[in-house]
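Everything below concerns the one structure shown next.
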Amino acid sequence: MALRTIRMLGDPVLNKACREVKEVTPKISTLISDMLETMYDANGVGLAAPQVGILKRVVTIDIGDGPLVMINPRILASDGTQTAGEGCLSLPGKAGQVTRPNHVVARAYNEQMQEFEIDATELLARAICHEIDHLEGHMYTEFVEGEIYEVEDESEEE
Ligand code: NI
């Protein structure tokens, strides 16, 4: 495993749509391990492959319940809304208010390329939406309500 460099807002790789993963090759396995290590090293709750410069549909998330790997994730259903401060490892030390669904049902593949479904609320629902946006080339800064502000606690960056 190795730490990868996190790309910062303004890097064009963050504005590109990612390609689907067809199979978990050794290269993809290494990418996943490296993404987890990089996310934990940065104290983040989520990381998407384009944030380490790879345009593949892979995300890692850990909101404190253990690692969640989602390959080719998609949202099947969502309802409700939540508005809260949201941050991103590609814009460290900053946050902004973003409205997201409060509940999502998502489907993805795990590291063994087995399909699974996840029912998520609150922070996990927010993290899944945030990471899927990255796979489409979008940053939360596009959806911020009001100003982007400085934060001292960087523990909820994605
Ligand atoms: Ni992010």
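Worth saying up front: this structure is predicted, and the values here are computed from it rather than measured. Start at 1 and go down the list; that is how both ligands and their atoms are numbered.
Ion pairing of Arg126 with Glu131 is absent here, as no side-chain N (NZ or NE/NH1/NH2) approaches a carboxylate O to less than 4.0 Å.
Environment of CD in Glu115: crowded, with over 12 heavy atoms of neighbouring residues, nucleotides or ligands closer than 6.0 Å.
When distances from the Ni ion (ligand 1) to the N, O or S atoms of Glu158 are compared, O comes out shortest.
With a cut-off of 2.8 Å, the Ni ion (ligand 1) has no N, O or S atom of Asp133 in range.
Centred on the Ni ion (ligand 1), the NE2 atom of His134 and the NE2 atom of His130 lie at an angle of 100°, reported to 10°.
A donor-acceptor pair shorter than 3.5 Å cannot be found between the side chains of His138 and His134.
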Any chance you could lay out the side chain to side chain donor-acceptor pair (under 3.5 Å) test for Tyr40 and Asp62, step after step, and finish with the verdict? CA-CA 9 Å; Tyr40 289 123; Asp62 191 338; 2.5 Å; yes
